[in-house]
Number of protein chains: 2
Amino acid sequence: MTTARAGRARSTRQGVAVESLLEASSGFRSAQDLHAELRRRGDAVGLTTVYRHLQSLVDGGSVDMLRTVDGEALYRQCADSRHHHHLVCRRCGTAVEVSGQAVERWAGAVAREHGFTDVDHTVEVVGTCGECSAGPAPSS
Amino acid sequence: MTTARAGRARSTRQGVAVESLLEASSGFRSAQDLHAELRRRGDAVGLTTVYRHLQSLVDGGSVDMLRTVDGEALYRQCADSRHHHHLVCRRCGTAVEVSGQAVERWAGAVAREHGFTDVDHTVEVVGTCGECSAGPAPSS
DNA sequence: CGTGAACTGGTAACGGTTTTCATCTGCAGC
DNA sequence: GCTGCAGATGAAAACCGTTACCAGTTCACG
């Protein structure tokens, strides 16, 4: 264990499948959703394995995870690995990465004001994107 | 349905128990937690019933609900029924209600900038409160 | 009191996620 | 090319919070 995690990533068909599908997706997607689409594409990956890869990608910081109101976990590969938040379309799920010094400052200030330290925060903005509000029909 | 739902709220021992325990709690608590404490106090309320009351309190807007990272639902009775956010202690769970025009404005601006409409947002700030950072022992 | 609608709560069902464990497979090293 | 094996896989079972079911209880009102 002195030597970090030894041979960390053995390249496998499954790992590549999950990562590339995630990369090709523009919005947040659930594990089951990814699992289903992979199967549909004829490149099936066990559900357990999908979860395993998502988990390590999240741990590694290359994928962001958030929870829906009803507790389901959604994943998304983000271009920017620095701290950022999301603007998500409630209709089509498309997400845009946004950053805002304003919020960061506000969070820090509010926390300090109440004697809180070691502050962290979760901020997600949901709305209806231009495309979706243009064509009200849930398409597909 | 002209006459709203008739005698909507019949005051029951269980309902009072849940509401008052919630009222006496300063932080977010899980349904199971509330259920356990009520039982401990000798004022047991069925788990199903606890969930039912929490549900309607949330619907009625007098209680706020949020999800932990691992998908568990937490509830809290808030003094202010207007829009607000929370500053939660990651150690003891105590929560402070905070409001910030800054965030609201930021969210609106960011959304507009990307063509999103009908915007909503979730913002939670977590940190360690003064008391907890003073006495590092997780007490009780 | 009597009646019925609202409420209660034990138990079963649910759905997403994690664990288990027997099997398989990259990837050295020969 | 083979071989050995640590790491990877995945079907099935376990978990766990939450919800549905439904028979039994309670309360308001006549």
Measure the NE2-CH2 distance between A/H85 and B/W106 for me, rounded to the nearest 0.5 Å. 5.5 Å
Below 4.0 angstrom, N of the basic side chain to O of the carboxylate: do B/R82 and B/D80 qualify? yes
Nearest of C/dG9, D/dT19, C/dG16 to any side-chain atom of A/Q32? C/dG16
C/dC7 C1' sits how many Å from B/E19 CD, rounded? 14 Å
A/R67 has an atom CZ; how far is it from atom C1' of D/dC16, in whole Å? 12 Å
Interatomic distance where CG belongs to A/D33 and C1' belongs to C/dG15 [whole Å]: 15 Å
Can you say whether a donor on the side chain of B/T48 sits under 3.5 Å from an acceptor on the base of D/dA20, or the other way round? yes
What integer distance in Å separates A/L66:CG from C/dT17:P? 12 Å
Atom-pair distance (CZ on A/R29; C1' on C/dG16), nearest Å: 17 Å
Please determine whether a side-chain nitrogen or oxygen atom of A/Q14 lies at a distance below 4.0 Å from atom OP1 or OP2 of D/dA8. no
Across the strands shown, which category fits A/T12 at heavy-atom distances under 4.0 angstrom: base, sugar-phosphate, nothing? sugar-phosphate
The side chain of B/E72 is closest to which nucleotide in this list: C/dG9, D/dG17, C/dC27? D/dG17
So, B/R90 and A/D118, do they make that salt bridge, N to O below 4.0 Å? yes
Heavy-atom donor-acceptor pair, A/R10 side-chain to D/dA8 base, under 3.5 Å: no
Separation of D/dG17 C1' from B/M65 CE (nearest whole Å): 12 Å
Nearest listed nucleotide, side chain of A/T49, among C/dA5, D/dT18, D/dT9: D/dT9
Residue met sooner reading DNA chain D from 5', once A/V50 and B/Y75 are mapped to nucleotides: A/V50
Should A/R13 and A/D43 count as an ion pair when the cut-off is N to O under 4.0 Å? yes
Does A/S11 reach a base, just sugar-phosphate, or nothing at all? Heavy atoms under 4.0 Å. sugar-phosphate
From NE2 of B/H53 across to P of D/dT18 the rounded distance in Å is 17 Å
B/Y51 vs D/dT19: side-chain N/O to OP1/OP2 distance below 4.0 Å: no
What does A/H35 touch in the nucleic acid at a heavy-atom separation under 4.0 angstrom: a base, only the sugar-phosphate, or nothing? nothing
Is the A/H121 ring parallel, tilted or perpendicular to the A/H83 ring (thresholds 30°, 60°)? perpendicular
Taking CG from A/L47 and P from C/dT20, how many angstroms apart are they, rounded to a whole number? 17 Å
Closest-nucleotide ordering on DNA chain D, the 5'-leading residue of B/R13 and B/A31: B/A31
Under 3.5 Å donor-acceptor pair, B/R52 side-chain atoms to C/dG9 base atoms: yes
With B/R76, the side chain to side chain contact (heavy atoms under 4.5 Å, CB included) member among B/R29, B/E97, B/M65: B/E97
